[in-house]
Amino acid sequence: MLVAGGGPAGLAAAAELALRGVSCVVIEPRMQVSHRRPRAKTTSIRTMEHLRRWGVAGAVRAAAPLPVAWSQRVTFCESLAGRRITDFDHAFGLTTERDERFAEPGQQVPQPVVEEVLRDHLRSQPAVDLRLGHVVLALAQVDEGVVVTVRDAGGTAYQIGARYLLGCDGASGIVREQIDARYVGYSDPRPNFNVVFRAPSLETPLGPAVQYWVLGGPAPGLIGRLDLTGTWWAIFPGVDPEFGAAHTSELITALAGAPVDHEVLACDPWTARMLIADSFADRRVFLVGESAHVNPPWGGHGFNTCVGDAVNVAWKIAAVEQGWGAPGLLASYEPERRGVIEQTVASAASNLASLADDLPRDEQAIQRAKRAEFYSLGLVLGYSYGGSPVIQPGSGTAPATDMTTYTPSAEPGARLPHSWLPDGSSLFDRLGDGFTLVGPIGAGGPGVARVLERARRREIPLTLAEPPASYPWRQEYLLVRPDQHIAWRASDPADIDLDLATGGGG
Ligand SMILES: Cc1cc2nc3c(=O)[nH]c(=O)nc-3n(C[C@H](O)[C@H](O)[C@H](O)COP(=O)(O)OP(=O)(O)OC[C@H]3O[C@@H](n4cnc5c(N)ncnc54)[C@H](O)[C@@H]3O)c2cc1C
C-alpha cells in the first residue's frame with residue numbers, strides 16, 4: 001500500500017491500515033508540520049471517535065493547548081474589549097458532560113498538533129513506513145497494482161510498486177490529475193486573510209471562548225487563542241492579500257478593540273472553494289481527502305470529512321488484502337462518500353452566506369443565521385451510507401435533512417447508535433476490528449451460531465457484543481462494520497447476508 005501525502009487524510013488512512021496490520025508506505029514532503037499555519041482547529045466528535053479507535057484520543061487531548069473544560073463557547077461581540085452580543089454554548093460538540101450519544105466530545109486543537117500526534121503514533125507502528133522529505137512525482141497503473149515514482153530528500157528518484165495507491169496529497173497534489181479526475185465547483189469571489197500572532201498581553205473581559213466573532217467596526221473578523229500563553233489566530237473575510245499585509249496591525253487592533261503589543265508570526269491569504277472531483281477512483285488508485293474535495297472552513301468540517309474518507313477506504317482495502325473482502329467493497333467507496341461530501345460542501349457553502357462582515361449586531365439575527373454552523377451533529381453523526389451496494393438494500397436511503405439535530409438510528413447505513421455500558425465503558429470499545437454482531441447474543445440460539453459459522457468459513461473476523469439493557473434496539477441484531485456503520489439489521493441473525501456486506505453481493 002502506498003499513501004501519497006501525510007496530511008490529515010494520509011495520516012488517518014495509515015492509522016486505519018496499521019490498526020488492521022496492513023503495511024503501508026506514507027510519502028510526505030514536509031519534514032515538519034507548520035505551527036504557524038494551523039488551519040483546522042475543530043476536531044469533531046466523529047473524528048475523536050476514530051482517534052479513540054486508534055488509541056490516540058487521549059494523546060490528542062493531552063497535546064491540545066485549549067482543554068475542553070477551558071471553554072465550549074463561541075462569542076459574538078463588538079470587539080475583544082467591547083460589548084458581548086450573543087454566545088453559542090457547547091458549540092462544535094464541545095462538552096465536559098458524558099453524553100449517551102457519543103463516545104468522545106469534540107476538541108478544539110490546531111491541525112499541526114493532531115498531525116504531530118498521528119506522526120508519533122505511526123512511528124510506533126511496525127506496519128507503517130513514514131517517509132518524510134519524499135515526494136510523489138508520477139504513477140503508472142499496471143495489471144496487479146501501481147508503480148509510483150518518488151523523489152527522496154536528497155533529490156534521487158526511485159520507484160515503489162504498490163497494490164493500491166491512496167491519493168491523500170491534497171488540493172495541489174498530483175494524483176487527481178494523474179487519474180484524469182477534475183474538480184467540479186466554484187470559488188467564492190471574496191478573499192480571506194489569516195494572521196497568526198503573539199500578543200501575551202491581549203486579554204478580554206468577555207471570558208473564555210474558542211472563537212470570538214467581531215462584528216461591525218473597521219475590520220470585522222474572527223479571532224481566537226491558539227494556546228493559553230499568548231498566541232492568537234485571526235481571519236478577516238473580504239480582506240485581500242496586499243491590504244492585509246500592509247495593514248496587519250490595524251486589523252489586529254480592530255478585533256482587539258485597542259492597540260496591543262504583538263508580533264506577527266504568519267499571514268496567509270486564502271479563498272473559499274466548493275469543489276468535488278468528478279471521480280474518486282480509477283482501478284487501484286483512490287482520491288482521499290482534499291484531493292477529492294475542498295470546502296470552506298466555516299462549520300469546521302473540512303479536515304473531519306477527510307478523516308471520514310480515509311477510514312472508509314482504508315478498512316475496505318485491508319479487508320480485500322486480508323482475503324475476506326471482495327472487490328465490491330472498494331467499488332462502494334465513492335458512492336458512500338460522495339453523498340456525505342456533497343452534504344458537507346453544501347452546508348459549508350451555506351455557512352459562507354453569513355460571515356463576520358455580513359452579520360448585523362443583532363442577537364436574534366445571529367442566533368438564526370449561525371445556529372447550523374455551531375450545532376451540526378446531524379451532519380457530523382447523522383449521515384448514512386444507506387443505498388450503498390454493500391449495505392442491506394431497501395432501507396435507510398434518505399439522507400439526513402436536518403444538519404443540526406442528530407437522532408440516533410439503527411437503520412442500515414447509519415453509524416451505530418452509541419451507548420455507555422454499566423461498567424462505564426463505551427459500546428464502541430466492545431466492537432471488534434472486523435465486523436461485530438451487536439444484539440441479544442446470549443438469547444440468540446441457532447441464528448447466532450449460523451452466522452458465526454458462515455463468518456468462520458469465509459474467514460470474516462466477527463466479534464459478538466451485547467448492548468446494555470437500556471439500549472433501544474436491544475432485541476435486534478445489528479451487523480456493524482469496522483467503521484462502526486450498520487451493514488445489516490435483522491430480527492434473526494441467520495438472515496444477514498455476509499457476502500453482500502463484504503462486497504461479494506451480486
Ligand atoms: C483557514 C483554514 C481553516 C480551516 N479550518 C478547519 C476546521 O476548523 N476544521 C476542519 O475540519 N477543517 C478545516 N480546514 C480544512 C483543513 O485544513 C483541510 O481540509 C485538511 O488539511 C485537508 O487534509 P488533507 O490531508 O486531505 O490535505 P492536506 O492537509 O493538504 O495534506 C496533503 C498532504 O499531501 C502532501 N503532498 C502534496 N503533494 C504531494 C506529492 N506530490 N507527493 C506526496 N505528498 C504530497 C502535502 O505536503 C500535505 O501534507 C481549514 C482550512 C483552512 C485553509
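Each ligand, and each atom within it, is numbered from 1 in the order the structure gives.
- The pair Arg46-Glu49 meets the salt-bridge criterion, since a charged nitrogen lies less than 4.0 angstrom from a carboxylate oxygen.
- Considering both main-chain and side-chain atoms, Trp270 never comes within under 3.5 Å of ligand 1 through any nitrogen or oxygen pair.
- Using modelled atom types, no side-chain atom of Asn312 and backbone atom of Asp309 make a donor-acceptor pair closer than 3.5 Å.
- Some N or O of Lys41 is nearer than 3.5 Å to an N or O of ligand 1, by distance alone.
- Among the atoms of Thr42, some N or O lies under 3.5 angstrom from an N or O of ligand 1.
- In terms of polar-atom proximity, Ala9 is counted as a contact of ligand 1, with an N or O under 3.5 Å from an N or O of the ligand.
- Where the criterion is an N or O separation shorter than 3.5 Å, residue side chain and backbone included, Phe303 meets it with respect to ligand 1.
- Checked against a 3.5 angstrom limit, the closest N/O atoms of Asn304 and ligand 1 fall inside it.
- On a distance-only criterion, Pro8 and ligand 1 share at least one N/O pair closer than 3.5 Å.
- Each of the following atoms of ligand 1 lies closer than 4.0 Å to a heavy atom of Gly5: 34 (O), 35 (C), 43 (C), 44 (N).
- Between Gly302 and ligand 1, an N or O atom pair is found at a separation short of 3.5 Å.
- By the 3.5 Å distance cut-off applied to N or O atoms, Gln111 is counted among the residues near ligand 1.
- Near Asn194, with a cut-off below 4.0 Å to any heavy atom, the atoms of ligand 1 are 1 (C).
- The shortest contact between atom 48 (C) of ligand 1 and any protein heavy atom is with Glu28 OE1, 3.4 Å.
- Within a 6.0 Å sphere centred on CZ of Arg371, heavy atoms belonging to other residues, nucleotides or ligands number 12 at most.
- Close N/O approach between Gly300 and ligand 1 is found [any backbone or side-chain N/O within under 3.5 Å].
- Put simply, the side chain of Gln141 gets close to the backbone of Arg284: a donor and an acceptor are under 3.5 Å apart.
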